[in-house]
Colleague: 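Got a structure for you, written out below as structure tokens; questions coming shortly.
Keep in mind that this is a model prediction, so the values were computed, not measured.
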Amino acid sequence: MSPPLNLDASVVRALGGRLGGAVRRVRTLQFDHLRTKLTVLFVGLFVAILVLILSSVYAAVARNAERIVRGELAASGLVFDRIWALRSQELGSGASVMAHDFGFRAAVATQDAATIQSALTNLRARLGIDEAFVVGLDGQVLADSSATGLRPGPEVLNAIASQDEARGVFVMGGTPFEAVSEPIMTPVLSGWVVFAVRLDQREMTALRQLSAIPLQPGVLVVSGQGALKADTNGVTALEREAVLRFLGGRQSATAQQGVVRLGPSVAVIKPLATMADDKAALLLSYPLAQALKPYDWLLGAMLILGLLGLGLIAAGSWALAQNVTRPILALRDAAERLQRGEDASVEVEGTDEIAALERSFNTMAQTIRERERDLKASTERAELASRAKSEFLSNMSHEIRTPLNGILGMAQVMSRQATDPEHRQRLDVIRDSGEALLGVLNSILDISKIEAGTLEIELQDFDLATMVEAACAPYATLAAEAGLSLTIELAADVAGPWRGDRLRLRQILGNIVSNAVKFTPAGSVKVAVGRGAAGLVFAVTDTGVGIPAAYLDWVFESFAQVDGSATRRTGGVGVGLSISRDLVGLMGGTIQIQSREGEGTVVTFEVPLEAKPLAEARPIAPEASAPEAAADARPLRILAAEDNKTNQMILTALLEPLGLDLTLVENGREAVEAFARGDFDLVLMDIQMPEMTGVEATVAIRRAEAGQSRAPIPILAVTANVMSHQVAEYREVGMSDVIAKPIEAGKLFEAMEAALDAAEAAQAGSASAVA
């Protein structure tokens with residue numbers, strides 16, 4: 001049906017000169033009303049019937065031709081499978097040769113970028129490939145040789161670095177590439193060599209020449225969300241939809257290729273392996289017009305018969321299109337452009353109702369574009385502000401923790417040495433003030449982590465009563481001074497061990513109890529814990545000032561304070577309830593607040609915790625004291641790498657009075673050299689240091705130990721950088737534990753003792769195995 005209709009406009013244009021006057025007369029005399037236009041159009045009904053009969057015959061012929069084309073395409077798909085496999089094998093062979101070359105491996109091991117690039121360039125030229133590069137273990141490109149000047153994105157590099165060998169398609173600069181990676185062993189894994197060739201028009205032309213029929217090959221790559229990332233052959237929306245539908249419904253063990261009908265063409269869709277999370281396919285299309293060419297005489301007969309009838313209604317159809325259909329279609333297209341965010345204005349012609357509609361549409365489109373521009377500008381400003389805030393908080397975390405380490409560390413040391421009660425009291429004030437400042441900093445950083453989605457819940461076994469008492473203990477003195485009754489009620493069926501994030505539960509409960517004590521001038525604060533439908537239910541009830549009803553939904557927002565003057569009297573920055581709400585949400589729980597002004601407040605939260613039988617409960621280790629050597633043994637030898645002079649003084653003041661032999665160095669390189677010269681029992685390693693970081697120094701020490709067949713020495717990270725991904729990196733390179741700055745003496749001694757005990761147990765186990 002579509003070919004005859006498409007030719008109507010060309011026929012009208014060819015006869016425009018002759019029919020122009022007649023058309024103008026028809027428009028003037030007969031097309032003032034819609035019913036007249038419809039009447040004229042019905043006259044052409046007999047033409048539609050005639051064309052329908054002939055089209056049925058033509059459709060039968062087309063179906064037979066399509067069946068033949070499908071068979072040819074399926075066979076061509078198998079041929080392309082072989083071509084693809086040969087190319088992949090050629091790339092893999094070249095990459096394997098390079099990955100096993102001794103000189104090349106030596107250059108990779110020493111990260112000699114110039115030598116690596118020279119080798120890649122030579123082999124790339126001989127093999128006639130487009131891209132060759134080496135990816136390091138950290139997912140970064142060590143060196144490359146490129147004919148395009150492009151670099152792969154981080155998702156591709158991470159995909160290469162996460163697999164022993166990878167083969168498939170990836171996209172650089174909007175162009176798809178077929179690539180093969182081979183691991184480089186020196187003798188340990190040191191990276192991957194990757195060879196890739198472009199899958200562009202040049203490559204598609206070569207594939208087309210290999211086909212027995214005039215196929216139109218093309219490679220499509222879409223992201224995991226369905227966005228088109230690369231297209232070598234100008235894919236249509238219909239083809240893209242068909243490829244996405246086929247890739248989305250394909251099972252891993254079946255449907256290696258699919259033959260589908262795409263409008264006037266038949267196509268084979270062959271899924272291709274990809275490096276990253278993208279989806280790729282080879283599309284081999286063949287226009288049915290080529291197969292139907294022998295039947296052009298039948299199509300010509302249909303056109304001639306159709307034109308005889310279409311000539312009768314051409315003028316009416318043209319007038320209808322000019323007056324009604326064309327403006328409506330223009331409005332439709334403009335609406336689609338407006339939906340895509342493009343310019344959507346339409347040309348206004350005349351003064352009738354459709355023209356008024358066009359003017360109204362233009363006004364609406366202009367208003368929407370202006371609002372979208374304002375919204376985009378506001379969004380960009382908000383994103384910039386959010387990034388600036390995150391960077392500021394990250395930098396200030398490290399910068400504030402360093403002087404706080406000096407304040408709190410020296411306060412701990414001087415408090416031990418102080419004999420005058422008044423001096424000890426003053427030092428306690430300094431320490432309490434520093435810990436309060438650290439608490440505010442940690443709260444603000446918690447908000448930043450929650451907003452960034454980086455805060456994680458850590459599960460562990462804990463005793464419920466101990467956790468609740470520890471959360472309430474810091475506020476018992478404040479409650480007593482204010483004449484308040486602070487009580488704890490635990491239901492009989494909740495006592496004992498539970499599994500959950502003990503520290504975050506303590507933080508939530510502490511925040512709520514702190515608010516209750518601060519805003520209760522007289523009366524009582526009660527903490528009740530019982531079982532709920534999903535786990536435990538905590539309820540904190542006070543007889544305080546209460547919260548006005550208008551503020552109940554607002555108090556959970558960050559930095560929200562109902563009464564600024566009351567907050568100035570009691571302290572706080574208004575983030576406790578906000579953090580508590582977000583932490584409860586991360587645990588999969590719910591929190592709610594009920595309050596009446598002047599009558600008190602009840603804050604209730606429920607979290608899905610798991611009760612542990614007493615037999616499975618892990619005993620809670622007592623607080624450790626400073627590690628000591630046996631009376632008849634030499635003092636423990638401690639190596640501390642720390643570039644900050646204040647932190648060096650703190651470590652010296654904390655450790656030397658305990659009879660430990662402490663050696664201080666100022667960077668990672670000196671730590672590695674000192675380790676090679678001395679016989680140390682434990683290493684305290686800062687992370688951010690000049691010349692060589694703590695992570696790099698730890699890697700060097702572990703490598704030296706392995707080369708000398710020595711037992712691993714305990715290495716403790718002492719750092720202000722304690723984000724979850726950073727801690728994971730420290731443990732991955734061989735560090736035993738992490739001590740957060742500001743340093744707390746008790747936690748430092750506990751970590752040192754645990755690390756020394758673990759090392760001693762490991763040595764004893766090795767000795768028993770040898771015996």
Colleague: Any side-chain heavy atom of L716 within less than 4.5 Å of one from V683?
Modeller: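 No, too far: nothing below the 4.5 Å cut-off.
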Colleague: What I'd like to find out is whether the side chain of V529 reaches to under 4.5 Å of the side chain of V537, using heavy atoms alone.
Modeller: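 In short, these two side chains do not touch, never coming nearer than 4.5 Å.
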Colleague: Enumerate donor-acceptor pairs with a distance under 3.5 Å from any side-chain N or O in residues 361-369 to protein atoms, sequence neighbours excluded.
Modeller:
from, atom 1, to, atom 2, distance (Å)
N362, OD1, V346, N, 2.8
N362, ND2, V346, O, 2.9
T363, OG1, R359, O, 3.1
Q366, OE1, R369, NH2, 2.7
Q366, NE2, E370, OE2, 3.0
T367, OG1, T363, O, 2.9

Colleague: Could you check whether atom CG of D757 has more than 12 heavy atoms from other residues, nucleotides or ligands sitting under 6.0 Å from it?
Modeller: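 Buried by this count: over 12 neighbours within 6.0 Å.
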Colleague: Is there a side-chain contact between V468 and F538, using heavy atoms and a 4.5 Å cut-off?
Modeller: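 Yes, their side chains come closer than 4.5 Å.
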Colleague: Please report the interatomic distance CG(L536) to CG(L609), rounded to the nearest 0.5 Å.
Modeller: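 Between L536 CG and L609 CG, I get 5.0 Å after rounding to 0.5 Å.
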Colleague: Would a distance-only check, ignoring hydrogens and angles, find a side-chain to backbone donor-acceptor pair under 3.5 Å from S736 to P714?
Modeller: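 Answer holds: no.
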Colleague: Quick check on E732: does its CD atom have over 12 non-hydrogen neighbours (other residues, nucleotides or ligands) under 6.0 Å away?
Modeller: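 Open: at most 12 neighbouring heavy atoms sit under 6.0 Å from CD of E732.
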Colleague: Take D501 and M587 through the test side-chain contact (heavy atoms from CB on, under 4.5 Å) and record every step on the way to the result.
Modeller: CA-CA 8 Å; D501 194 326; M587 294 181 183; 4.0 Å; yes
Colleague: Looking at M689, is its backbone amide N or carbonyl O close enough to the side chain of E666 to form a donor-acceptor pair, meaning the two atoms are under 3.5 Å apart?
Modeller: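 No.
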Colleague: Would you call R502-D461 a salt bridge at under 4.0 Å N-O?
Modeller: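 A salt bridge is absent here (no side-chain N lies under 4.0 Å from a carboxylate O).
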Colleague: The criterion is side-chain hydrogen bond (donor to acceptor under 3.5 Å, both in side chains); which residues satisfy it with S378, sequence neighbours excluded?
Modeller: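 side-chain hydrogen bond (donor to acceptor under 3.5 Å, both in side chains) check on S378 returns R381.
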Colleague: Check this for me: R371, atom CZ, are more than 12 non-hydrogen atoms of other residues, nucleotides or ligands nearer than 6.0 Å?
Modeller: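 Count not over threshold, so no.
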Colleague: Is there a donor-acceptor pair under 3.5 Å between the side chain of T379 and the backbone N or O of L375?
Modeller: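 At least one qualifying donor-acceptor pair exists.
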Colleague: Side chains of N511 and L509: does their closest heavy-atom pair fall under 4.5 Å?
Modeller: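 Result no, sub-4.5 Å side-chain heavy-atom pair not found.
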Colleague: Within the side chain of T520, is there an N or O that forms a donor-acceptor pair under 3.5 Å with the backbone of V517?
Modeller: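 It does not hold such a pair.
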Colleague: Is there a donor-acceptor contact under 3.5 Å from the side chain of E696 to the main chain of T693?
Modeller: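 Judged by distance alone, yes, a pair lies under 3.5 Å.
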Colleague: Do L655 and M752 make a side-chain contact, defined as non-hydrogen atoms from C-beta onward lying under 4.5 Å apart?
Modeller: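 With C-beta onward as the side chain, the pair touches.
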Colleague: Go through the side-chain N and O atoms of S524 and S485 and say whether any donor and acceptor fall under 3.5 Å apart.
Modeller: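 Note: S524 and S485 side chains miss the donor-acceptor criterion.
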Colleague: With a 4.5 Å heavy-atom cut-off, do K645 and I650 have their side chains touching?
Modeller: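 With C-beta onward as the side chain, the pair stays apart.
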Colleague: Taking the side chain as every heavy atom from C-beta outward, state whether L682 and L636 have any pair of such atoms under 4.5 Å apart.
Modeller: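 Sidechains of L636 and L682: no contact.
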Colleague: If you define the side chain from C-beta out and look only at heavy atoms, does anything of V540 sit under 4.5 Å from F605?
Modeller: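 The answer is no, as the side chains (C-beta and beyond) never meet within the 4.5 Å cut-off.
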Colleague: Applying side chain to side chain contact (heavy atoms under 4.5 Å, CB included) between T601 and each of I512, T543, I593, T541, report the one that passes.
Modeller: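 Answer after filtering I512, T543, I593, T541: I593.
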Colleague: Should the heavy atoms of other residues, nucleotides or ligands under 6.0 Å from CZ of R596 be counted, would the total exceed 12?
Modeller: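 12 or below, so no.
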Colleague: Rounded to the nearest 0.5 Å, what separation is found between the CG atom of L664 and the CD atom of E642?
Modeller: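 Going from CG on L664 over to CD on E642, the span is 8.5 Å.
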